[in-house]
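Keep in mind that the numbers below use all heavy atoms, side chains included, and drop hydrogens, waters and symmetry copies. Letters go in sequence order (proteins before strands), and every chain restarts at 1.
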Number of protein chains: 4
Amino acid sequence: MIRFECDYAEGAHPSILEKMISTNMEQTAGYGIDPHCEKARELIKKECGKDDIDVHFVVGGTQANTIMIASMLKSYQGIISADSGHIAVHETSAIEATGHKVITVPSADGKITASQIAQVYDYHYAQSNREHLTQPGAVYISHPTENGTTYTKEELIEISNACKQRNIPLFLDGARLGYGMAAPDSTIDIKDLAQYCDAFYIGGTKVGALFGEALVIVNDNFKTDFRYHIKQRGAMLAKGRLLGIQFEGLFEDGLYYKISKNAIDKAMQIKQAFKEKGYNFLYESTTNQQFPILPNDVMKKLGEKYSFTYWADIDENHTAVRFCTSWATSQENVDCLLEDIKNI
Amino acid sequence: MIRFECDYAEGAHPSILEKMISTNMEQTAGYGIDPHCEKARELIKKECGKDDIDVHFVVGGTQANTIMIASMLKSYQGIISADSGHIAVHETSAIEATGHKVITVPSADGKITASQIAQVYDYHYAQSNREHLTQPGAVYISHPTENGTTYTKEELIEISNACKQRNIPLFLDGARLGYGMAAPDSTIDIKDLAQYCDAFYIGGTKVGALFGEALVIVNDNFKTDFRYHIKQRGAMLAKGRLLGIQFEGLFEDGLYYKISKNAIDKAMQIKQAFKEKGYNFLYESTTNQQFPILPNDVMKKLGEKYSFTYWADIDENHTAVRFCTSWATSQENVDCLLEDIKNI
Amino acid sequence: MIRFECDYAEGAHPSILEKMISTNMEQTAGYGIDPHCEKARELIKKECGKDDIDVHFVVGGTQANTIMIASMLKSYQGIISADSGHIAVHETSAIEATGHKVITVPSADGKITASQIAQVYDYHYAQSNREHLTQPGAVYISHPTENGTTYTKEELIEISNACKQRNIPLFLDGARLGYGMAAPDSTIDIKDLAQYCDAFYIGGTKVGALFGEALVIVNDNFKTDFRYHIKQRGAMLAKGRLLGIQFEGLFEDGLYYKISKNAIDKAMQIKQAFKEKGYNFLYESTTNQQFPILPNDVMKKLGEKYSFTYWADIDENHTAVRFCTSWATSQENVDCLLEDIKNI
Amino acid sequence: MIRFECDYAEGAHPSILEKMISTNMEQTAGYGIDPHCEKARELIKKECGKDDIDVHFVVGGTQANTIMIASMLKSYQGIISADSGHIAVHETSAIEATGHKVITVPSADGKITASQIAQVYDYHYAQSNREHLTQPGAVYISHPTENGTTYTKEELIEISNACKQRNIPLFLDGARLGYGMAAPDSTIDIKDLAQYCDAFYIGGTKVGALFGEALVIVNDNFKTDFRYHIKQRGAMLAKGRLLGIQFEGLFEDGLYYKISKNAIDKAMQIKQAFKEKGYNFLYESTTNQQFPILPNDVMKKLGEKYSFTYWADIDENHTAVRFCTSWATSQENVDCLLEDIKNI
């Protein structure tokens with residue numbers, strides 16, 4: 001079985017693994033205050049073009065989302081998200097488990113708009129009995145989204161402005177950030193995030209690391225005592241340097257960008273192949289997730305050799321599925337798939 | 001200003017108040033284990049036609065909803081509700097504050113259907129990675145709904161069966177239960193609730209009491225140690241007999257039913273008056289809340305003399321509003337309104 | 001059975017009840033924004049000698065404690081309390097249910113000291129890995145305490161200073177505040193609380209009201225959006241004016257002080273009677289709770305006619321019990337008890 | 001600086017690392033349902049001598065403790081722990097953040113007794129108003145404890161019986177389990193834990209793994225839907241096979257036992273050296289943590305070359321400190337320390 005079902009099927013990029021091997025018997029302090037984490041923080045600050053940011057490392061995306069969001073909200077506040085947002089549907093109410101509602105707005109493609117934010121917020125404050133309602137306290141977006149779509153820089157600025165005008169923070173989930181930045185039509189880089197978001201994270205798990213997400217806190221209001229939040233939510237890795245080592249590896253020579261590009265190249269080949277067969281796509285994705293709508297018999301046939309993800313029923317005879325590439329996707333596997341698509 | 005804005009503008013029904021006065025200097029044990037609470041429990045069991053139920057009294061509806069729901073769910077479970085459900089929109093994330101998601105389904109009139117429940121539940125269990133999703137763990141309905149609509153007995157049975165087949169409990173919010181049962185088209189009584197629900201509450205606050213809701217737990221699974229839940233959520237009234245006294249008053253001579261009828265009579269007069277003017281209604285309500293769609297100038301004019309609730313913009317020139325009657329609504333006030341409607 | 005087991009065995013002081021009767025059919029807005037609540041707020045501001053405070057009314061003490069404390073703390077913070085504090089032992093982990101630890105310090109008499117606060121706080125900040133520990137975020141004291149003891153003004157000032165120096169708020173539980181202020185050795189009044197605490201509450205349930213506690217928020221940091229907290233925790237009474245009416249009654253003519261004095265007068269008579277019999281006391285209480293240590297046969301004998309509370313085993317033959325008086329304790333009942341004590 | 005401050009200063013045991021390298025480019029399903037996790041589960045079941053147990057892998061100890069404990073308790077229940085227990089003092093109220101109180105009992109050496117459990121439990125159920133108190137719902141012990149002490153098999157059986165008689169589950173924190181089993185006086189093995197505990201975990205982070213703890217659920221009551229708990233608390237590792245791979249490595253050839261022995265050998269040498277200098281110890285530890293009481297000048301001198309942990313002030317001139325060894329502690333580093341101790 002050749003796996004296109006997700007972007008975390010393999011381990012780490014070999015050069016990341018090499019760093020873990022070469023540092024294995026070093027003795028360092030625990031919990032993320034070692035020289036490797038320090039170095040990784042410096043590298044990320046450089047990527048952000050900012051020195052006055054805080055960088056913390058956690059093991060996974062649900063941790064990054066939950067800890068950051070819970071730390072930003074007051075107990076009676078919720079966070080605005082697309083109804084397809086990862087926090088809204090794929091984290092087993094992790095946000096609710098910290099006491100907060102995810103306030104969803106409809107989204108056809110995984111993105112939300114500045115005007116949707118304005119609408120939710122302004123509706124709330126227009127109510128005379130608003131204390132009976134969940135107060136919108138922050139905004140969550142992901143880039144790229146769950147559907148592979150990306151924000152333009154212009155859209156990001158509009159969303160950021162909508163938040164700033166209303167004095168609520170903007171948090172960006174960058175689980176697949178590398179793949180968003182490597183998209184052919186990308187207009188956003190890490191410096192933009194550090195300018196327009198109050199907090200965001202740079203995903204490592206899906207982009208070359210064994211595990212690990214780098215949380216960047218831009219807004220001073222959310223920096224104080226953040227390590228307490230990490231520890232309380234069970235996300236403070238004892239051998240914290242493992243996170244530092246991996247982000248050192250990802251950012252000291254631009255590895256993050258280079259390997260992200262591999263995923264996009266491969267995804268575009270697959271996209272093109274399905275397109276040439278005349279298939280439509282559920283979302284207009286320019287990143288490493290592609291959502292072709294396949295005739296059911298084709299889906300079944302391909303499923304014998306490749307693993308991919310069921311996404312949605314389209315009609316009696318067609319189903320939308322997800323093919324995922326990653327930093328690790330080999331040309332051999334893609335060639336094999338391309339050939340099989342061609343011969344359908 | 002004559003108030004039609006809510007059904008809790010006055011104090012208690014005079015005969016309830018009289019009971020509180022006459023028992024005022026009695027000495028009783030606290031926290032709901034006094035003879036008045038015991039008597040009230042017996043009366044409610046009789047109404048339910050069941051002896052093997054537990055009855056607890058709490059001060060308000062948000063308490064009743066939150067405590068019952070939180071006690072029924074496992075930490076990773078959510079409760080299915082109409083998107084217009086009170087717990088979904090008017091309780092400041094009280095459910096989420098206990099760690100649980102409200103899983104909303106769309107509803108045009110405040111009601112949900114057995115097939116919506118089946119769909120949410122069955123979708124969940126059809127997923128292979130379902131532990132990443134909130135597990136549906138219970139169902140919430142209200143009768144009458146936030147929109148004044150009511151369930152038929154047939155609908156209730158269908159919903160109950162959908163729940164039983166899936167082994168998830170059904171909880172019914174009866175904040176305005178009296179008004180639901182007094183509706184001209186009502187087919188549901190308290191015995192039905194005790195048969196088809198796992199838990200429900202009989203609202204006192206809006207139906208003649210100063211305050212108080214009687215929680216009825218039918219399903220044995222949810223009875224154990226329930227008083228701990230009440231205390232932990234701050235809902236155990238020190239002078240608990242105040243709740244018992246009021247429910248004694250409401251149920252010892254059928255007062256609950258009699259005064260509920262007053263609200264419906266008055267509401268029907270108002271409904272008829274608006275209808276005769278040719279106005280439409282936002283919801284087809286047969287209970288004490290009526291939602292006429294008024295020309296904006298009429299709304300403004302009436303607003304000078306009467307308080308009622310803004311509900312929704314319909315178009316540039318029309319707005320839906322809510323007129324509420326209650327056990328306390330006087331014929332004088334209604335006559336006054338009817339006259340003004342007629343003279344529009 | 002004559003009840004000395006608690007200070008909430010009866011209903012309301014007759015003049016409070018009278019106010020509830022006379023206002024019963026008034027129509028007011030709900031949720032505490034009516035003229036009675038406004039009036040009561042003004043009266044309490046006057047008692048506090050301060051205008052820049054916020055006053056909110058809730059139904060019970062666990063609500064007052066939980067909502068205020070949860071609203072003051074960050075998620076990784078706990079509140080320092082005597083190990084015998086009400087929040088530490090008698091509220092079913094209501095504080096923990098909002099996510100916060102109660103950090104207990106030992107107390108022989110229910111009181112804590114400024115130096116205990118300093119010790120807990122300073123120890124925390126002396127740790128290099130302090131983010132692994134619960135951060136002390138506030139201080140809870142009660143006046144009088146669970147054991148009937150009271151703070152002197154000097155002690156209150158010391159505690160207040162210890163808190164201010166460390167920038168953590170001081171919250172005072174005044175469930176029995178009236179009885180603390182009426183104690184023969186009292187040196188604290190409400191103005192002192194408004195000067196030295198960041199927040200506190202004036203207990204109504206145990207001092208003449210049917211129910212109700214008046215939360216006073218002094219520190220601006222904790223005022224914003226407080227009504228959301230009240231609603232979210234299920235403590236926003238629909239007919240909120242019931243709380244306003246009662247506090248109007250308690251404070252418009254000094255009723256609170258007058259009826260508190262009754263409890264102390266009666267308690268002192270009982271204390272004196274036990275003393276004259278040569279019995280010792282578990283705590284040196286000058287308020288409405290008295291804790292005589294009785295020979296077990298005496299305890300048994302008195303228990304046939306009076307209800308009081310078991311407190312602690314002293315030795316094989318002696319037990320400490322609690323006798324409680326209140327605003328409602330009649331001289332007849334006390335005389336009866338005095339006679340029986342004398343005749344032991 | 002030679003580090004004796006903790007048992008997680010290095011990376012992984014070389015043979016564990018080797019397994020991660022050799023499997024790095026394998027494609028597997030995510031989230032712990034891959035062949036490596038399956039294999040590791042089988043190995044652990046074999047160690048436990050039981051097939052009807054569930055094994056789950058999480059990244060760290062706070063996760064293991066929090067998720068297991070929160071999943072075992074009802075919302076109004078707390079868990080009994082030594083006041084020095086890790087969950088009571090070193091996890092930033094992670095348990096409280098899930099809504100539960102840690103009910104502490106005093107402990108001089110980190111251990112608790114069956115009779116302490118009985119006392120807390122039986123006191124609770126002797127109260128007539130027990131619903132005002134936190135209900136004891138489970139018991140937490142660690143083996144070895146935070147103080148390096150260990151339970152005997154007899155003590156474990158007594159504790160287990162005390163729990164079983166009261167129908168509350170026993171959970172054992174085995175963060176350093178390997179070192180407990182390798183202690184010279186050890187009488188407990190994994191089979192005992194699987195027989196006498198309801199749940200426990202086998203610590204990997206401190207015993208040869210990069211990270212990872214294997215949670216073993218013995219009691220059927222706590223098995224259902226456990227993966228939802230893991231996901232909701234942010235502890236479901238995307239590349240879950242990393243945990244499986246490491247526990248395969250630890251248990252396929254007895255590596256766990258072998259490397260645990262190294263830590264004990266080294267600790268005993270250090271213990272002996274301090275003993276020979278006539279120093280006392282704060283706790284009678286037979287495991288990898290040693291707590292000598294040092295003259296302050298000696299502590300200062302050793303601190304120039306070695307890192308170790310401050311534990312407690314003993315008197316003006318003496319301080320108790322902690323020296324920690326691990327699977328990774330080299331004889332060279334120990335020899336160096338022994339020499340320096342000798343030459344004090």
Side-chain angles (χ1 to χ4, degrees), chain B residues 1-3 5-14 17-18 20-21 23-31 58-67 70 90-94 96-98 205-206 209-211 227-239 241-242 245 307 328 330 333, chain C residues 1-3 5-14 17-18 20-21 23-31 58-67 70 90-94 96-98 205-206 209-211 227-239 241-242 245 307 328 330 333:
Chain B
M1 185 71 66
I2 299 177
R3 292 183 179 271
E5 93 215 30
C6 69
D7 31 22
Y8 41 85
E10 293 88 359
H13 187 275
L17 199 60
E18 186 47 51
M20 296 181 75
I21 296 163
T23 57
N24 188 54
M25 293 308 287
E26 281 181 16
Q27 286 196 317
T28 65
Y31 302 118
V58 295
V59 168
T62 300
Q63 286 175 2
N65 287 333
T66 305
I67 297 171
H90 280 109
E91 300 185 358
T92 324
S93 318
E96 285 83 357
T98 68
T205 298
K206 290 170 176 164
L210 280 181
F211 54 86
R227 284 173 59 80
Y228 286 85
H229 289 291
I230 297 177
K231 178 63 188 171
Q232 184 176 48
R233 304 292 179 194
M236 190 169 276
L237 191 63
K239 301 179 183 176
R241 99 264 193 95
L242 298 174
I245 289 163
S307 71
S330 70
N333 283 349
Chain C
M1 186 69 68
I2 299 177
R3 292 183 179 268
E5 93 216 30
C6 70
D7 31 20
Y8 40 86
E10 292 90 358
H13 187 275
L17 200 60
E18 185 46 51
M20 294 181 75
I21 297 163
T23 57
N24 187 55
M25 292 307 287
E26 282 181 16
Q27 285 196 319
T28 65
Y31 303 118
V58 295
V59 168
T62 299
Q63 286 176 1
N65 287 333
T66 304
I67 298 170
H90 280 107
E91 300 184 356
T92 324
S93 318
E96 285 83 357
T98 67
T205 299
K206 290 169 177 166
L210 278 181
F211 55 85
R227 284 173 60 81
Y228 286 84
H229 289 291
I230 297 177
K231 179 63 188 169
Q232 185 178 45
R233 304 294 179 192
M236 189 168 276
L237 191 64
K239 300 178 183 177
R241 99 271 192 91
L242 299 174
I245 288 163
S307 71
S330 70
N333 283 350

Calculate, to the nearest 0.5 Å, the distance between atoms [atom1] and [atom2] belonging to [X] and [Y] respectively.
{"X": "B:Asn333", "Y": "C:Gln27", "atom1": "CG", "atom2": "CD", "value": "6.0 Å"}
{"X": "C:Arg241", "Y": "C:Met20", "atom1": "CZ", "atom2": "CE", "value": "9.0 Å"}
{"X": "B:Ile245", "Y": "B:Lys239", "atom1": "CD1", "atom2": "NZ", "value": "11.0 Å"}
{"X": "B:Met25", "Y": "C:Leu17", "atom1": "CE", "atom2": "CG", "value": "10.0 Å"}

If you count heavy-atom pairs under 4.5 Å with chain B, which of [options] comes out on top?
{"options": "C:Thr66, C:Ile21, C:Val59", "value": "C:Ile21"}
{"options": "C:Ala97, C:Ser93, C:Gly61, C:Ala12", "value": "C:Ala12"}
{"options": "C:Ala94, C:Ser330, C:Ser307", "value": "C:Ala94"}

Are side-chain heavy atoms of [X] and [Y] found at a separation under 4.5 Å?
{"X": "C:Arg233", "Y": "C:Val58", "answer": "no"}
{"X": "B:Asn65", "Y": "B:Glu91", "answer": "yes"}
{"X": "C:Met236", "Y": "B:Thr62", "answer": "no"}

What part of [X] is in contact with chain B, defined as an atom under 4.5 angstrom from a non-hydrogen atom: side chain, backbone, both or neither?
{"X": "C:Ala70", "answer": "neither"}
{"X": "C:Phe211", "answer": "side chain"}
{"X": "C:Glu26", "answer": "backbone"}

Contact class of [X] relative to chain C, heavy atoms under 4.5 angstrom:
{"X": "B:His90", "result": "backbone"}
{"X": "B:Leu210", "result": "both"}
{"X": "B:Tyr8", "result": "both"}
{"X": "B:Ala64", "result": "neither"}
{"X": "B:Leu237", "result": "side chain"}
{"X": "B:Met1", "result": "backbone"}

Check: Hey, which of B:Gly60, B:Ala328, B:Ala235, B:Ala9 has the most heavy atom pairs under 4.5 Å with chain C?
Finding: B:Ala9

Check: For C:Thr92, which of B:His229, B:Gln232, B:Arg227 qualifies under side-chain contact (heavy atoms from CB on, under 4.5 Å)?
Finding: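 The passing option is B:Gln232.
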
